[in-house]
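Worksheet: the structure to be examined is printed underneath.
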Amino acid sequence: MTMKRIFFDRRLYVSLLVVLLLTFPFLMGQSSYFMGLVVTMAIYAIAAMSLNLLTGYGGQVSIGQGGFLMMGTYSTGIISSTLGFPIWVALPAAGVIAALVSLVIGLPAVRLKGHFLAVATLGFGLCIPEIALNWKSVTGGYSGLPLMRPEWASSDLAFFYVILVLTFLVTWMLMNIANSRLGRAFLAIRDSEIAAAATGINVAGYKTIMFMISAFFTGLAGGLYAYWVQYISPNDFTIMASFFLLAMIVVGGLASIWGAILGAVLFTGIPHFSDAYVGVTNLVIGVAVVLVILFRPAGLVSLVGLIKPGEKQRSRKKPTEELPVRSLEEADNA
């Protein structure tokens, strides 16, 4: 194996990352702060991968993903603390509830495209925090909801590994979805809905499915966050969380699971270094987004050898590029 091949070997990077994450708490002296930083990266990575499946692979621009994160946190809190169900019921249930809500939103939204869809999802992202704030009998309003971890994972160290295992599992599942027949259908819809429909793809059905899958895993991420902080408030995930997630996948790399992870790690780590300077965090994130769009449209993932040549072609392809079916339609209209 040549040195160049070793340098760009994805399995080497993944193995090193797994070893680093497993030993990280002990390298940092079991510091709750640094474990919390990695946990936040993992939670945002799950949410970013879910959004990338919807936006990067499916071409559906959503600015309401923060709403599903908040739904996941409150669903977990209510099911666990109020109703008394264990964690292995509360977490999947939070994802299912988010998916069912996305179904209600997705059915009318599947007929929308581009900025119309973005505005519709923006409205959802704005209304969820307001509902959480004002539905005091269920959510606790300003007081929020307390949440207790299960006894076997009550320590930060134990729950750190729980979140790591679930993050690895979700990553594996989303990678398989992206590389499956379902993922190829999402890509076909992104490139041209007319061409996809012409090949027999049920565009409305697949759009609804991608909305539900994305919402399910985002709700799961919200549930993990709730168990980690053990307290839920209406200010946990505002509309800025949705823009934050969108910036992650744009900078990391659209249509790439690894790109979403890279974006989540980068944008979660930036505040750790820049929060001491007022306003610098948002400035750095904004500059990063602009520079990547201008000079690296495939995202930062294209720089580190984590993206396959086929994936690179798909992520570089502009949404405005038309397929032959579209050209024939335009010729007929002419």
Side-chain angles (χ1 to χ4, degrees), residues 36 39-55 61-83 85 87 90-106 109 118-147 149 163 166-167 170 211-249 260 264 267-268 271:
V39 163
T40 305
M41 290 178 180
I43 289 168
Y44 271 112
I46 293 174
M49 287 187 289
S50 305
L51 178 60
N52 214 352
L53 188 71
L54 178 66
T55 302
V61 181
S62 172
I63 315 181
Q65 212 71 358
F68 291 118
L69 273 171
M70 181 164 282
M71 286 198 65
T73 61
Y74 273 99
S75 297
T76 302
I78 293 168
I79 293 170
S80 180
S81 295
T82 307
L83 301 180
F85 285 97
I87 185 173
L91 282 178
V96 170
I97 290 171
L100 292 175
V101 172
S102 77
L103 176 62
V104 176
I105 298 169
V119 170
T121 55
L122 175 63
F124 170 74
L126 287 170
C127 76
I128 292 298
E130 293 299 319
I131 293 173
L133 186 63
N134 292 288
W135 199 3
K136 297 179 182 179
S137 60
V138 176
T139 64
Y142 283 105
S143 300
L145 288 175
L147 184 66
R149 297 175 194 162
I163 291 179
L166 288 176
T167 303
V170 169
F211 265 102
M212 293 184 68
I213 293 174
S214 178
F216 174 84
F217 288 111
T218 305
L220 183 66
L224 290 174
Y225 174 85
Y227 273 113
W228 176 257
V229 300
Q230 301 183 80
Y231 175 76
I232 306 162
S233 80
N235 297 319
D236 286 337
F237 297 107
T238 63
I239 191 62
M240 289 306 299
S242 300
F243 289 112
F244 198 50
L245 288 169
L246 198 58
M248 286 178 187
I249 64 173
F267 280 178
T268 307

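If you read the sequence from its start, that first residue is 1, and numbering goes on from there. These numbers come from the heavy atoms of this one structure, side chains and all, not from hydrogens, waters or symmetry mates.
Legend: residues meeting side chain to side chain contact (heavy atoms under 4.5 Å, CB included) with Leu220, ordered by chain and number and at least two apart, are Leu91, Val170, Phe217.
Atom CZ of Phe243 is separated from atom CD1 of Ile63 by 5.0 Å, given to the nearest 0.5 angstrom. In this structure, OG in Ser233 is found 6.5 Å from CE in Met70, a value given to the nearest 0.5 Å. Put simply, CG on Leu69 and OG on Ser242 are 7.5 Å apart, with the number rounded to the nearest 0.5 Å. Leu224 contributes atom CG, which lies 5.5 Å from atom CD1 of Ile43 (distance to the nearest 0.5 angstrom). In this structure, CD1 on Ile163 lies 8.0 Å from CD1 on Ile46, to the nearest 0.5 angstrom. With rounding to the nearest 0.5 angstrom, the CG atom of Leu147 is 9.5 Å from the OG1 atom of Thr73.
Nearest heavy atom pair, residue Thr76 against residue Ala94, reads OG1-CB, 3.3 Å. Between Gly219 and Ala98, the closest heavy-atom pair is CA-CB, 4.0 Å. Of all the heavy atoms in Pro92 and Phe216, the pair that sits closest is O-CE1, 3.8 Å. Residues Phe267 and Phe244 share a closest heavy-atom pair of O-CZ, 3.1 Å. Here the shortest heavy-atom pairing between Ala221 and Ala47 reads CB-N, 4.3 Å. Between Pro146 and Ser81 the shortest heavy-atom distance is O-OG, 2.9 Å.
The side-chain hydrogen bond (donor to acceptor under 3.5 Å, both in side chains) contacts involving residues 217-229 comprise Gln65-Thr218, Ser80-Tyr227, where partners must be two or more places apart or lie in separate chains.
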Original post:
Would Leu54 and Phe211 count as a side-chain contact (heavy atoms from CB on, under 4.5 Å) if you check the C-alpha gap in whole Å, the side-chain angles of each, and the deciding distance to 0.1 Å?
Top reply: CA-CA 6 Å; Leu54 178 66; Phe211 265 102; 4.1 Å; yes
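Residues Ser62 and Leu51 have side chains in contact (heavy-atom distance under 4.5 Å, counting atoms from C-beta outward). Residues Ile97 and Ile79 meet the side-chain proximity criterion, which asks for heavy atoms closer than 4.5 Å.
Aromatic pair Phe124/Phe68: ring centres closer than 6.0 Å.
More than 12 heavy atoms of other residues, nucleotides or ligands sit less than 6.0 Å from atom OH of Tyr231.
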Cut-off 3.5 Å, no hydrogens considered: what does the side-chain donor-acceptor table look like for residues 131-138, sequence neighbours left out?
unit_1	atom_1	unit_2	atom_2	d
Asn134	ND2	Glu130	O	2.8

